[in-house]
Amino acid sequence: MATQTDARELHAVPSEEDQAGQAYFDRIIAEDSRIEPSDWMPEAYRKTLVRQISQHAHSEIIGMQPEANFITRAPSLKRKAILMAKVQDEAGHGLYLYSAAETLGTPREELFDQLLTGRAKYSSIFNYPALTWADMGAIGWLVDGAAIVNQVPLCRASYGPYGRAMVRICKEESFHQRQGFEILLELANGTPAQKQMAQDAINRFYAPALMMFGPNDDASPNSQQSMRWNIKRFSNDELRQRFVGMIQEQVKVLGLTLPDDKIRFNEETGQWEHGELDWNEFYEVLKGRGPCNAQRMERRREAHENGAWVREAASAYAAKQAQKAQVA
Ligand SMILES: [Fe+2]
Ligand SMILES: [Fe+2]
């Protein structure tokens, strides 16, 4: 009994080390500096980061699927090479982010396990099908475009390894966005059927891309805490409005339109406004009932199983190298 009470007391009163750690953490956040892996950090901060960074990593690798499907159907060798490079970049993004998440103490196998057993989420956008070549354009322009708007502020995230991973990712994302825009531009200037195909792709990806920023601010309670910790810098709605302002300008260059007649700039608030989004659909997709959830997960599990020999070979090689180093 005595031990139990002691344990409870210990839990209630933070140790001197924790107090000093908390003071250090608070100062770093107040100074807008960086927390590094070996620094003390509150458990909730660590958990939030592991969840966010691993969700982000999962999104990168699941996001390879809709575009990978089109590598064999690219209309020219040049387009094939570009698309292949783009899809490979996304695998790289997944790797940087899994590595960043691992610095917080959760092993990669566990993160994979969370994804494969359906306990972890990934971006809802990748549960929509890519139906035509024009979708490669719409995905690059709108999906990678929304990712950039979301991710540029994350380059300043208070957790060092995450912020640094985002710098490189953002550079590659801007190439992705431009390649998507260029696909649409070429189609928009092609035959009437090609132009229609481009418009159709924009019509289908517009709303899901806007939903990538997450629920409205009043339905996103964790955002506030993330902003206090300098992980997030802007709210979901702020980022979404910024994105709408950007694409409503760019779509004019394409000579196409966005499927939303409510877009307008509100002089009073200084913000872009847009039509209502179907949040019901968003939550359905998030719960696994989107058009492609089952297919994406099945494909991911298959790829994971097929990759077992690569992981085995890599760890055997690493063990051998370590042994060699030890002997030397
Ligand atoms: Fe990416
Ligand atoms: Fe990308």
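For ligands, and for the atoms within them, numbers begin at 1 and follow the listed sequence.
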Shortest-distance N, O or S atom of Asp144 relative to the Fe ion (ligand 2)
OD2
For the Fe ion (ligand 2): the N/O/S atom of His176 at shortest distance
ND1
Do you know which N/O/S atom name in Glu173 is closest to the Fe ion (ligand 1)?
OE2
In Glu60, the N, O or S atom nearest to the Fe ion (ligand 1) is which?
OE1
When you measure from the Fe ion (ligand 2) to the N, O or S atoms of Glu90, does any of those distances fall below 2.8 Å?
yes
Any N, O or S atom of His93 closer than 2.8 Å to the Fe ion (ligand 2):
no
For Glu31, does the CD atom sit with more than 12 other heavy atoms under 6.0 Å from it, leaving out its own atoms?
yes
Identify whether NZ of Lys or CZ of Arg in Arg178 sits under 6.0 Å from the centre of the six-membered ring of Phe181 and within 45° of that ring's axis.
no
Give a yes or no on whether a salt bridge exists between Lys47 and Glu43, defined as a side-chain N under 4.0 angstrom from a carboxylate O.
no
Candidate pair Gln55 and Tyr122, rule side-chain contact (heavy atoms from CB on, under 4.5 Å), full reasoning:
CA-CA 5 Å; Gln55 274 182 15; Tyr122 55 87; over 6 Å; no
Indicate yes or no for a side-chain donor-acceptor contact from Asn203 to the backbone of Leu258 under 3.5 Å, with no hydrogens or angles considered.
no
